[in-house]
Protein chains: 2
Amino acid sequence: MTNVTIIDIAEALGITPSTVSRALSGNPYVKESTREAVRAKARELGYERNVHASNLRSGKTHTVGIIVPRIDRQFFSSIISAAESILDEAGFSVIICQSHENEEDEISALKTLTESRVGGIMVSHATGSRSGSHILEAMNRGIKMVQFDRVFPGFPGSSVTNDDFAGAYNATMHLIGNGYTRIGAFTGPLGTNMFLNRYEGYKAALTEAGLPLDEDIVFENSIVRETGYANAAKAVERGCDALYSSGDYSALGALDFLKEKGIRIPQDFGIVGTANEAFTSLISPALSSTEQNPVEIGKKAALALLRLMNNETSGENLVVDTELIIRESSDRKHFAKK
Amino acid sequence: MTNVTIIDIAEALGITPSTVSRALSGNPYVKESTREAVRAKARELGYERNVHASNLRSGKTHTVGIIVPRIDRQFFSSIISAAESILDEAGFSVIICQSHENEEDEISALKTLTESRVGGIMVSHATGSRSGSHILEAMNRGIKMVQFDRVFPGFPGSSVTNDDFAGAYNATMHLIGNGYTRIGAFTGPLGTNMFLNRYEGYKAALTEAGLPLDEDIVFENSIVRETGYANAAKAVERGCDALYSSGDYSALGALDFLKEKGIRIPQDFGIVGTANEAFTSLISPALSSTEQNPVEIGKKAALALLRLMNNETSGENLVVDTELIIRESSDRKHFAKK
DNA sequence: CTGAACGCTACAAAGGTTTGCAGAACTCGA
DNA sequence: TCGAGTTCTGCAAACCTTTGTAGCGTTCAG
């Protein structure tokens with residue numbers, strides 16, 4: 001381990017540690033020749049700033065934290081990757097914690113980060129975290145926070161979310177525009193804001209197009225492949241000719257069922273998923289989906305956090321647009337001729 | 001911000017900070033009643049240990065770093081996720097850095113981490129990092145390091161890798177066992193150890209089965225979908241009836257070509273990929289592949305790092321087994337009847 | 001030539017915790 | 001009751017950097 005300190009540099013140069021500190025930190029009140037000498041000596045001795053001493057004295061830290069349910073989901077890892085690049089650029093290290101979708105781990109992650117005296121935190125809360133009181137409490141203690149994707153509305157600090165309503169609205173409208181008339185919906189738990197907003201978008205599109213809303217063909221908690229398969233069967237039985245799905249995996253399950261039954265896609269049945277998972281473009285028929293732009297979310301959230309830490313804002317609510325990616329599974333106009 | 005210190009607790013209780021420190025850190029030389037009183041007061045006052053002061057004084061840190069090329073690749077994010085869980089359990093926070101596959105970023109990541117005085121580092125080096133001299137230099141300065149997946153052989157410290165040779169050997173043998181006789185290979189750049197080992201495994205299987213090695217049907221740098229497509233055309237032209245691919249994306253490209261030409265899979269042509277990407281089980285025909293067990297790698301690497309930091313070892317080289325996942329694309333025995 | 005202004009550096013304190021050492025309080029056997 | 005041994009706590013230094021203040025030497029206007 002290196003143990004070179006600014007004191008060593010100071011002694012070697014016959015000056016004091018304070019001058020060395022100022023020289024290295026870019027303080028303008030230091031002669032250029034001195035600064036150069038200090039830099040040279042620091043390099044020669046292999047000096048490495050002790051961030052802990054620095055943080056202790058200055059009370060500031062060059063670290064921020066990110067809390068996500070799981071790192072190994074493509075959506076979150078893309079967000080983290082984008083955010084990390086920006087934060088790194090701004091001189092911040094990033095500590096990453098997983099809540100594993102449960103509140104207990106989220107609370108302990110929060111504790112870890114506040115103990116580390118991070119300058120700010122980006123958080124997308126666990127589904128197991130119902131009230132978010134621990135997050136609110138941390139905010140009230142003055143910790144700079146940006147919520148992203150999964151957000152407790154009305155909290156202080158900043159937030160970055162998708163326009164889930166518009167995403168679902170556009171997807172549904174796209175199905176309507178392709179001539180489907182009885183469009184069912186797969187949703188996630190409607191207690192979660194995000195899923196509720198998507199459901200509202202779906203309803204709004206139906207209403208606007210003058211189509212009836214039939215609760216019989218709305219399937220809550222259809223977010224995995226298996227439930228998608230099972231509910232697709234019910235949807236077909238109940239006369240649907242299309243499905244809007246709040247997730248890609250349940251849409252995939254629906255495709256499994258439809259292909260098995262020999263129902264032609266998109267001629268006889270249309271389907272649009274949500275999230276634009278990597279596999280959607282690789283399967284056959286390729287699945288239409290709503291791109292969530294995680295990279296954009298990550299960037300915006302990181303920049304929002306930087307603004308928050310610089311006191312350039314006291315809180316802002318940002319929205320990232322979704323983008324409808326039309327593929328074979330719903331593009332009747334193009335693929336019907338096949 | 002809370003600013004409660006152990007001094008505040010000490011004053012409130014009429015004892016000294018040293019006792020408070022000992023009480024909180026679990027030092028056995030402190031009366032149980034005192035410890036309880038300290039804990040209660042700490043909770044009451046909302047005390048939070050200042051890790052920077054602690055690290056500064058003790059010279060130890062409860063942080064480790066992980067450097068990967070990119071966080072947003074499923075393989076790496078799975079490794080990180082698994083490692084993070086174990087390290088968190090052991091009381092370590094994890095700082096994550098991306099090298100973006102270039103040496104410069106890797107060096108600066110290394111600097112960030114050593115400046116933060118992390119207790120140890122897990123690293124999978126960038127392709128742009130040819131010699132790894134910066135890594136070696138850090139190791140020689142006494143920093144505990146575990147290399148994983150992409151490893152510079154012969155370095156001190158520990159390493160965790162896949163048995164790439166065996167993975168490729170098994171995959172090729174599986175093709176041979178299914179009656180394919182002219183098996184081509186897609187490889188990555190052979191300057192990278194991992195790809196070289198896979199190529200060696202492929203060759204060993206051919207040799208053992210008494211099949212000739214024909215360099216005409218070995219395609220280096222076939223790792224993306226496009227090159228897979230192009231080289232599959234050449235492979236077919238040169239009489240191949242099967243392909244072993246060092247990656248799934250190039251195998252996917254090959255499937256694109258084969259399907260387009262109406263070549264039946266697996267009856268007329270067999271193919272096995274590598275990495276077992278999520279899409280492999282979702283496409284049609286489902287792609288056989290070699291599972292790399294990233295979760296296992298992450299766990300092993302984390303545990304190896306903990307051992308290294310506890311001086312329970314001075315370095316060990318661990319190997320994680322791969323697992324051949326047989327799917328439609330190569331399972332002629334089962335699917336030929338279709 | 002004097003005094004003010006300026007550029008630069010030294011001094012010293014502070015930030016919160018840990019830890020070796022010394023010493024106080026207590027226990028217990030003789 | 002005394003003394004030896006234990007158990008617990010206090011004292012003070014140390015970890016390394018940052019930063020407010022003071023002071024030095026120089027420059028320059030008047």
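In what follows, every heavy atom counts, from backbone to side chain, and hydrogens, waters and symmetry copies are set aside.
Every residue two or more places apart in sequence or in another chain that forms a side-chain contact (heavy atoms from CB on, under 4.5 Å) with A:K41 is listed here: A:I9, A:A12, A:L13, A:E44, A:L45. With sequence neighbours left out, A:S18 forms a side-chain hydrogen bond (donor to acceptor under 3.5 Å, both in side chains) with A:T16. Not counting sequence neighbours, the partners of A:N310 by the side-chain contact (heavy atoms from CB on, under 4.5 Å) test are A:E312. Residues forming a side-chain hydrogen bond (donor to acceptor under 3.5 Å, both in side chains) with A:H134 (at least two apart in sequence, or on another chain): A:E106. For A:T192, the side-chain contact (heavy atoms from CB on, under 4.5 Å) partners two or more places apart in sequence, or in a different chain, are A:P189, A:M194, A:F195. Qualifying ring pair (Phe, Tyr, Trp, His ring centres under 6.0 Å) partners for B:F75, counting only residues two or more places apart in sequence or in other chains: none.
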Side-chain donor/acceptor pairs under 3.5 Å, residues 33-40 of chain B, sequence neighbours excluded:
unit_1 : atom_1 : unit_2 : atom_2 : d
B:R35  : NH1    : B:A23  : O      : 2.8
B:R35  : NH2    : B:N27  : O      : 2.7
B:E36  : OE2    : B:R39  : NH1    : 3.3

Which donor-acceptor pairs under 3.5 Å do the side chains of residues 65-73 of chain A make with protein atoms, sequence neighbours left out?
unit_1 : atom_1 : unit_2 : atom_2 : d
A:R70  : NE     : A:D72  : OD1    : 3.0
A:R70  : NH2    : A:D72  : OD2    : 3.3
A:R73  : NH2    : A:E101 : OE2    : 2.9

Let me have the donor-acceptor pairs involving side chains of residues 153-161 of chain A, under 3.5 Å, with sequence neighbours excluded, atom names and distances please.
unit_1 : atom_1 : unit_2 : atom_2 : d
A:S158 : OG     : A:E316 : N      : 3.0
A:S159 : OG     : A:N317 : OD1    : 2.7

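For the helix from C:dC1-D:dG30 to C:dA30-D:dT1, the terminal axes (five pairs an end, C1' atoms, rotation from four pairs onto the next four) enclose an angle of 50°, given to 10 degrees.
Along DNA chain D, read 5' to 3', the first and last nucleotides having any atom under 4.0 Å from a heavy atom of chain A are D:dC16 to D:dG20.
Here C:dA24 presents its C1' atom at 16 Å from CD1 of B:I15, a figure rounded to the nearest Å.
Using a 3.5 Å distance cut-off with no hydrogens or angles, the side chains of B:Q98 and A:S81 do pair a donor with an acceptor.
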What string of B, S and - do you get for nucleotides 12-19 of chain C 5' to 3' if you count protein non-hydrogen atoms under 4.0 Å? BBBBBBBB
